[in-house]
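Only one structure is covered here, and it is reproduced in the block below.
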2 protein chains.
Amino acid sequence: MPGKRSSCPINTCLEIFGDRWSLLVIRDLMLSGFRSYKELLSSEEGIATNILADRLSKLEDAGIIASRRDPEDGRKLLYRLTTKGIDLAPILREMARWSTTHEGAHPSPATVELVKANRFVQEARRRSEDESLPPLLAPSPRRKAR
Amino acid sequence: MPGKRSSCPINTCLEIFGDRWSLLVIRDLMLSGFRSYKELLSSEEGIATNILADRLSKLEDAGIIASRRDPEDGRKLLYRLTTKGIDLAPILREMARWSTTHEGAHPSPATVELVKANRFVQEARRRSEDESLPPLLAPSPRRKAR
DNA sequence: CCGGATCCGTTTCGATACTG
DNA sequence: CAGTATCGAAACGGATCCGG
């Protein structure tokens, strides 16, 4: 349903950024490079299995992420951002910057440095191309089972 | 409810950008400077009165928008972005840039120029301080009552 | 008239159990 | 492990009502 709304420059972002879970998936892939379904499940703060599956397929349809078999473990699917997805990095960077300025967000020191140094986008890109690189952020807070 | 999630740099943006309607309200205020409740109702693509009221109060609680009486028409309330809200402009700018690059978004030529010239943020700021300036974008597509 | 608040039918979301 | 089915909870949209 492309609808009748192409006059505003941010409308095409709405389906991604109008949704909390899509945003979290993108953030996680951007910070870590590759992730399997299971890793995303435990990383995102308590996303349900059906929601994750739904968002992954929508993001894949939108050409923002892509999946492929894990060459080392045939059972797993590895998800990563496409070029189009990686290009969302500047948006995330500005979000991180805003949060740090206006709310008491406490990103990891490493992330702060990246944002300051303007290398966030570049690092996110490298991470999607080279899976040997470590994540930008620790494995995740892993929210307590509510 | 600050919750237990401060380790990621974008978490504090989630409540705004995880919600479609908040995003639209912010976009509209950013492009036009001031808006009354009624104007927002007809500008946003078909938002319901209760939803708009809800989002306006949440955004006000978050310190992102502020309201005051229209000096010329005591019945009206005028909403505008606070400094904190205006500082979201870089995020919107990157969204506009991404949309223009990756989807066939057709922003108004004026908006394209602003984004290219990097003046989007600056113009949004001016518009929130000086209500004599024209909106950056036409009064809005005004979606057909389906 | 303007800015909401309230009620209500419908749709969507999300937690859990379950399956290939 | 990756993903569906189910079903209750929440959000949404529309209409209507109300105080100023």
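As the structure is a prediction and not an experimental result, all values here were calculated from the model. In what follows, every chain begins at residue 1, and chains take the letters A, B, ... in the order their sequences are listed.
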Going from CH2 on B:W98 to CG on A:D87, what distance comes out if it is rounded to the nearest 0.5 angstrom?
8.5 Å

Would you give the length of the straight line joining atom CG of A:L29 to atom CG of A:L24, rounded to the nearest 0.5 angstrom?
11.0 Å

A:Y79 side chain, from C-beta outward: closest of D:dA2, D:dG3, C:dA15
D:dG3

So, the side chain of A:R93 versus the backbone of A:V121: is there a donor-acceptor pair under 3.5 Å, distance only?
no

With no hydrogens and no angle check, is any side-chain donor or acceptor of B:S36 less than 3.5 Å from a backbone partner on B:L78?
no

Phosphate OP1/OP2 of [N] contacted by [X] side-chain N/O (<4.0 Å):
| X | N | value |
| --- | --- | --- |
| A:R69 | D:dC1 | no |
| A:K38 | D:dC1 | yes |
| B:W21 | D:dG13 | yes |
| A:Y37 | D:dT4 | no |

Decide yes or no, distance alone: a donor-acceptor N/O pair under 3.5 angstrom between the base of D:dA2 and the side-chain of A:T49.
no

Looking at the base of D:dG14, is there any donor atom on it, or on the side chain of B:N50, that sits under 3.5 Å from an acceptor on the other one?
yes

Starting from [atom2] on [N], measure out to [atom1] on [X] and report it in whole angstrom.
| X | N | atom1 | atom2 | answer |
| --- | --- | --- | --- | --- |
| B:I47 | D:dA11 | CD1 | C1' | 12 Å |
| B:L77 | C:dA5 | CG | C1' | 15 Å |
| B:D19 | C:dC13 | CG | P | 12 Å |
| A:D54 | C:dC13 | CG | C1' | 9 Å |
| B:L40 | C:dC2 | CG | P | 14 Å |
| A:E15 | C:dT12 | CD | P | 13 Å |
| A:R68 | D:dA2 | CZ | P | 14 Å |
| B:R55 | C:dA5 | CZ | C1' | 16 Å |

On DNA chain D, check which nucleotide each of B:R75 and A:I51 is closest to and give me the residue with the more 5' one.
A:I51

How is B:L52 classified with respect to the nucleic acid when contacts are heavy atoms under 4.0 Å: base, sugar-phosphate, or nothing?
nothing

Taking all heavy atoms of A:F34 and all of A:S128, pick out the closest pair and write down the distance.
CZ-O, 3.7 Å

